[in-house]
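Below is one structure, written out as structure tokens, with a few remarks after it.
All residue numbers refer to positions in the sequence shown, counting from 1. Below, all heavy atoms of this structure are taken into account, side chains as well, without hydrogens, waters or symmetry copies.
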Amino acid sequence: MNTFTVRVHDAMARLAQLKIHGAAAAAGAVCLMLATSLGVTSCEDYLTETPKYSLTTDNAIRDYNSAKNSVTGIYGRYKTCSDLGGYIYGNLHCMAGMWEYDPTMYNMLYTQTSDHYTVKSIWRELYLLINASNSAIEGVSRLDDKEFPSVTAKNELLGEARCFRAYANLELLWLFGHWFDKADSPYGIIYRDKVSELSNLQVGRISVGESYERIIEDFVFAEENAPTLSSPYRMNREFAKAMHAKLLLVRGWEGDYAEALKLVNELLAAKSAWTMETDLAKLYTEGWDNKENCFSRYTGDGTGDYYGIAGYDFIYAYGLFYDNEFTDIVQTWLEEDERFAVTFGTARAPETWDTQTRDKILTKLYHRGRYEGKNDMYATYPMRYAELYLMKAELLARTNPSDIQGALAPLNEMRGRYTNPVMAPVTGVNTYDELMDAIFKEYTVALFMENETPWFAATRINHNGKPWIYTLKPEVNFSTNQYCWPIPEDELKAHETPVEQNPGLE
């Protein structure tokens, strides 16, 4: 089956998902279609919609229990956002030159008028998540302190909600903004900190610097006030601190590496429920329940759905079977690594009519496929404990480049903590360039297709004097302007005052 056929099947199946995810998803699809032909005012009810499992701030958040329910409503909204996981990570791996599943992403041909379904859907879902977060933040903030068991309890709820908002806004900046620009760049996010109403929808983009500032403010509040990790089902202060560190590492402004290293060291030194899952096979079979996952979208019991849990990260449960080969350098690294026997395997096709099986399927994410294993733990892995060691290795390399073995040590410590499989330490690294190549390779193999880290590493870490992305896809002509996606045309048309598109993506 060729890539075009896969994408057609994928698109048809994803349209069918609208029947699965309920009225909110269907309303979103109708809104997008109507906005194209009639303008945004056709979707007034949808744009101001409050999730059915959330409470309105005006009349329902009146005590501690309803305040807790308002925050729980954000998780309910997140559950329905089926593109805020594997579809982000899979497409970023295509952009990095590691996978050719989506030719538009691989060749960076997305534009404002290309009408890419995934781009539009991810944009919409991130703002739905932000709106749910703002609803909870407004309602909880407005409620008198005396309604809570303590001010600490109130701030814990606000910490969860603000962590959610920070995370969604960071994804917006990373996907739709010039995250790679300096502070005065005008190509930041469209920032919303109030529940969406017709009176406040007409807001423009803020600068890149201001975007980072708003996101970091929310993360810092969550680091100080959100609950400590008790379950990866809920936002927690460890996740906030880890994502704050990743933000600084990706941004790379003056002082960022030292600050990120401080945060990572604090996380590694802390006594926490967040720790390594030494059996790598257990990490993936237990999905969001494993100890190494700090936070993940909990999709719950999918036995009543046609696609089951597999329907939530459809790219994992479909694309990884029909496009199971990755680009040459990455494929070789994956197959030569000790983890290959644990993370790859044999699986059946996802379609009921297709009974074939294939070897070399990325079963750590595909599992058995949505036909035989539709309710396997198809979790996302936005932040694993192992990533802390890899971030520390790179941060040490960048803050003290002469200490090659010192920077390599955290990488090998991470590898040495696994008992299944047993991994040999990385050796033969004697120069800075060899060190950075080893770190990039480990990012790629250890976290492949799990989150956005390999993509950012490919744009940040140099090989032969240029970022790795140029080595991974030398035949593609691109510029840094294509390191982000276009703001969807529907959004731009909805604004009376023009909002500037990302340069080169018009």
Side-chain angles (χ1 to χ4, degrees), residues 89 223 226-246 249 260-298 333-334 337-344 362-365 367 377-397 405-427 438-454 457:
Y89 309 142
E223 290 167 42
T228 57
L229 173 68
S230 59
S231 165
Y233 296 7
R234 299 189 73 96
M235 286 292 183
N236 53 79
R237 62 178 62 189
E238 290 91 340
F239 182 72
K241 182 175 286 190
M243 292 304 299
H244 183 183
K246 184 186 276 192
L249 173 57
L261 181 58
K262 175 177 176 289
L263 295 173
V264 168
N265 281 333
E266 289 173 356
L267 286 164
L268 288 171
K271 296 185 182 299
S272 169
W274 191 28
T275 186
M276 289 288 286
E277 190 76 76
T278 56
D279 185 339
L280 201 62
K282 184 178 180 182
L283 188 157
Y284 297 114
T285 56
E286 293 197 355
W288 50 70
D289 284 335
N290 76 79
K291 294 181 293 186
E292 195 173 311
N293 217 1
C294 189
F295 175 72
S296 183
R297 187 177 79 248
Y298 175 67
W333 286 353
L334 293 167
D337 189 80
E338 296 99 326
R339 285 162 285 208
F340 183 76
V342 175
T343 57
F344 282 75
L362 190 64
T363 48
K364 72 171 185 177
L365 297 172
H367 298 273
M377 300 285 264
Y378 293 93
T380 54
Y381 299 85
M383 178 55 69
R384 277 174 46 202
Y385 198 83
E387 189 168 349
L388 295 177
Y389 290 101
L390 302 184
M391 286 198 290
K392 182 173 182 177
E394 183 182 354
L395 291 165
L396 286 172
Q405 300 309 312
L408 188 62
L411 186 155
N412 280 328
E413 182 180 355
M414 181 274 289
R415 289 173 63 90
R417 294 194 66 178
Y418 286 111
T419 58
N420 178 35
V422 174
M423 288 185 276
V426 175
T427 58
I439 291 171
F440 176 72
K441 179 179 179 181
E442 196 68 22
Y443 272 135
T444 301
V445 177
L447 305 174
F448 190 65
M449 293 289 290
E450 294 181 21
N451 62 29
E452 62 276 284
T453 292

Heavy-atom nearest pair, Asp279 first then Thr419, reads N-OG1, 4.4 Å
Between Arg417 and Tyr389: side-chain donor-acceptor atoms closer than 3.5 Å: yes
Walk me through whether Thr278 and Asn420 qualify under side-chain contact (heavy atoms from CB on, under 4.5 Å). CA-CA 7 Å; Thr278 56; Asn420 178 35; over 6 Å; no
Scan Leu395, Leu263, Thr453 and name whichever one has a side chain to side chain contact (heavy atoms under 4.5 Å, CB included) with Leu249. Leu395
For Glu266 and Lys241, which heavy atoms make the closest approach, and how far apart are they? OE1-NZ, 2.8 Å
Just how far is it from atom CE of Met391 to atom CG of Asn265, taken to the nearest 0.5 Å? 10.5 Å
Distance col, row Cys294:SG vs Glu238:CD, nearest 0.5 angstrom, shows 6.0 Å
Shortest non-hydrogen pair, Ala260 vs Ala245, comes out as CB-O, 3.6 Å
Are a donor atom and an acceptor atom from the side chains of Glu286 and Asn293 found within less than 3.5 Å of each other? no
Charged N-O contact under 4.0 Å between Glu413 and Lys392: no
For Phe340, what residues pass the side chain to side chain contact (heavy atoms under 4.5 Å, CB included) criterion, not counting sequence neighbours? Glu335, Phe344, Lys360
With side-chain contact (heavy atoms from CB on, under 4.5 Å) as the test, would you mind laying out the steps for Ile439 and Leu390 before giving the verdict? CA-CA 7 Å; Ile439 291 171; Leu390 302 184; 5.7 Å; no
Distance check, rounded to the nearest 0.5 Å: Leu408 atom CG versus Gln405 atom CD? 5.5 Å
Any side-chain heavy atom of Glu387 within less than 4.5 Å of one from Asn451? yes
Euclidean distance, Thr444 OG1 relative to Leu334 CG, rounded to 0.5 Å: 8.5 Å
Arg384 and Met276, any side-chain heavy atoms less than 4.5 Å apart: no
In short, Ala393 meets Ala407 closest at the heavy-atom pair CB-O, 3.2 Å
Does the ring center of Tyr381 lie less than 6.0 Å from the ring center of Tyr89? no
Would you find a donor on one side and an acceptor on the other, under 3.5 Å apart, between the side chain of Arg415 and the backbone of Pro425? no
Evaluate Trp274 against Leu267 for side-chain contact (heavy atoms from CB on, under 4.5 Å), listing each step before the verdict. CA-CA 9 Å; Trp274 191 28; Leu267 286 164; 4.2 Å; yes
Kindly compute the distance separating NZ (Lys291) from CD (Glu277), expressed to the nearest 0.5 Å. 5.0 Å
Under a 3.5 Å distance rule, please check whether Lys364 uses its side chain to pair with a backbone N or O of Phe448 as donor and acceptor. yes
Are Leu268 and Tyr385 side-chain neighbours, meaning at least one heavy-atom pair lies under 4.5 Å? yes
Output the distance between atom CG (Asn290) and atom CE (Met377), rounded to the nearest 0.5 Å. 8.5 Å
Between Glu394 and Tyr443, is any side-chain donor less than 3.5 angstrom from a side-chain acceptor? yes
In the structure I gave you, are the side-chain heavy atoms of Trp288 and Thr380 within less than 4.5 Å of one another anywhere? no
Would you check if Pro410 and Leu396 make a side-chain contact, meaning some heavy-atom pair closer than 4.5 Å? yes
Under a plain distance cut-off of 3.5 Å, with no hydrogens placed, do Tyr233 and Asp289 share a side-chain donor-acceptor pair? yes
Please check this pair: side chain of Glu292 against backbone of Leu283, looking for a donor-acceptor N/O pair closer than 3.5 Å. no
For residues Lys282 and Val342, determine if any side-chain heavy atom of one lies less than 4.5 Å from a side-chain heavy atom of the other. no
Can you confirm whether Leu280 sits close enough to Pro421 that some side-chain heavy atom of one is under 4.5 Å from a side-chain heavy atom of the other? yes
Check against side-chain contact (heavy atoms from CB on, under 4.5 Å), Met383 and Phe295: CA-CA 7 Å; Met383 178 55 69; Phe295 175 72; over 6 Å; no
Decide yes or no for Tyr378 and Arg297: does some side-chain heavy atom of the first lie under 4.5 Å from some side-chain heavy atom of the second? no
Which atoms form the tightest heavy-atom contact between Arg339 and Met414, and what is the distance? NH1-CE, 4.4 Å
